[in-house]
There are 2 protein chains.
Amino acid sequence: MSATEERPTALRPTRQRVAITDALRSAADFQSAQDIHDNLRRAGDKVGLATVYRTLQAMAESGEVDVRHNPAGEATYRRCSEAHHHHLVCRSCGRTVEITGSAVERWAHAIADEHGFTDVTHTVELVGLCADCAAAAARE
Amino acid sequence: MSATEERPTALRPTRQRVAITDALRSAADFQSAQDIHDNLRRAGDKVGLATVYRTLQAMAESGEVDVRHNPAGEATYRRCSEAHHHHLVCRSCGRTVEITGSAVERWAHAIADEHGFTDVTHTVELVGLCADCAAAAARE
DNA sequence: GGGTAGATTGAGAGTCGTTCCCGAGTGTCC
DNA sequence: GGACACTCGGGAACGACTCTCAATCTACCC
């Protein structure tokens, strides 16, 4: 790993990449690569599955999209706001709430400092039962 | 899903299940099903891969183990210890520090309450550069 | 506008984790 | 001890994802 190279992230805005970006923009929730691929095909955009995976991976790496694994183990993607945030997910229906919590950020930094770690990123995920699903479960 | 049956969770303590439980107990960290299967084989415990998956799934369902997906998308399992903790991992050398932070626990509960979620569990992972690796990188 | 180098694409085969199937084996209860 | 249901395990099947490589496209220079 050399420190000199200045990765320009010069991703060419090809037809395929634009289409994938658009698909993500118009989707409110997490979508699997296969979903995106299907939707594009259905909309008449002929894009290869490999390209969809490649593009999503590149976008995830550059922080343009969030990646999550659904309970089936499938990777799902969603365009994310630039602002760093976390997720609160319902384990029953999959509903997702975005959370921005400066409290965790502070905590993470404090812990990192305490142990001499620098340049720390963190992943936080809360999984629970949303009010609707809890009510449905109680009704049985 | 019927509400009448009272699944007794009467899992027979077979040799295989005991072996898997022991393997989980002796492992400090998240392990994939394949890891567990390999370890059991190596230790001379002949257990089928299908059995490992089945057992882990049953244990996850009954809340005995935590399930997580590692970046490769592989499901990993860990015995749900009473002492809940998180990890601070060095992205360069892989060194891991265990963290117990009641601050995050409180934060997680507060957030869950705020959004009407119940029965919330959370995963937190901090990834950074440990002091040694940071020094080594600066020396270049 | 034309030419060129290098990035990007896509079809399909390959890999890998996981689940399903079903005959054989084992534990439990009477 | 015997009957019966639960459990096991090997291997095939499945599905998500990655790799390969020739063809195509884009940015850039002249």
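Every chain is numbered from 1 and lettered A, B, ... according to where its sequence line falls, protein lines coming before strand lines.
Side-chain contact of B/H37 with B/R42: a donor-acceptor pair under 3.5 Å is absent, judged by distance alone. Donor-acceptor pairing under 3.5 Å is recorded for the side chains of B/E105 and B/H122. Between the side chains of A/Q34 and A/Y53, at least one donor N or O sits under 3.5 Å from an acceptor N or O. A/T76 and A/Q31 share no donor-acceptor pair across their side chains, judged by distance under 3.5 Å alone.
The CD atom of A/E74 sits 9 Å away from the C1' atom of D/dG15 (whole-angstrom rounding). Atoms CE (A/M59) and P (C/dT8) sit 14 Å apart, rounded to a whole Å. Rounded to an integer number of Å, the gap from CG of B/D45 to C1' of D/dG9 is 14 Å. Distance, A/I20 CD1 to C/dT9 C1': 11 Å, rounded to whole Å. Look at CZ on A/R41: it is 14 Å from P on C/dT9, rounded to the nearest Å. Separating the CG atom of A/L56 from the C1' atom of C/dT8 is a distance of 15 Å, rounded to the nearest angstrom. Note: NE2 (A/H37) to P (D/dT18) measures 14 Å, nearest angstrom. Following rounding to the nearest Å, A/Q31 (CD) and D/dC17 (P) show an atom-to-atom distance of 13 Å.
Regarding contacts with the backbone of D/dT7, every side-chain N or O of B/Q16 stays at 4.0 angstrom or more from both OP1 and OP2. Side-chain nitrogen and oxygen atoms of A/Y53 include none within less than 4.0 Å of the OP1 or OP2 phosphate oxygen of D/dT18. Within the structure, a side-chain polar atom (N or O) of B/K46 is placed less than 4.0 Å from OP1 or OP2 of D/dG10.
Within the 4.0 angstrom heavy-atom criterion, no nucleotide atom of any strand lies near A/L49.
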Polar atoms only, N or O, under 3.5 Å: list the protein pairs with nucleotides 1-3 of chain D and their distances.
none

Full working for salt bridge (charged side-chain N to carboxylate O under 4.0 Å, His left out) between A/R15 and A/D45: CA-CA 9 Å; A/R15 178 181 63 76; A/D45 258 318; 3.5 Å; yes

Quick one, give me the B/S/- string for nucleotides 20-30 of chain C, reading 5' to 3', where B means a protein heavy atom under 4.0 Å from the base and S means that only happens at the primed atoms, P, OP1 or OP2. BB-----S---

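Within 6.0 Å of NE2 on A/H109 lie no more than 12 heavy atoms contributed by other residues, nucleotides or ligands.
The two residues B/W107 and A/A103 come nearest to each other via the heavy atoms CD1-CB, 3.7 Å.
For the pairing with B/I20, the side chain to side chain contact (heavy atoms under 4.5 Å, CB included) check across B/T14, B/N39, B/V65, B/T55 returns one residue only, B/T55.
Distance CG/A/L129 to OG1/B/T121: 11.0 Å, rounded to 0.5 Å.
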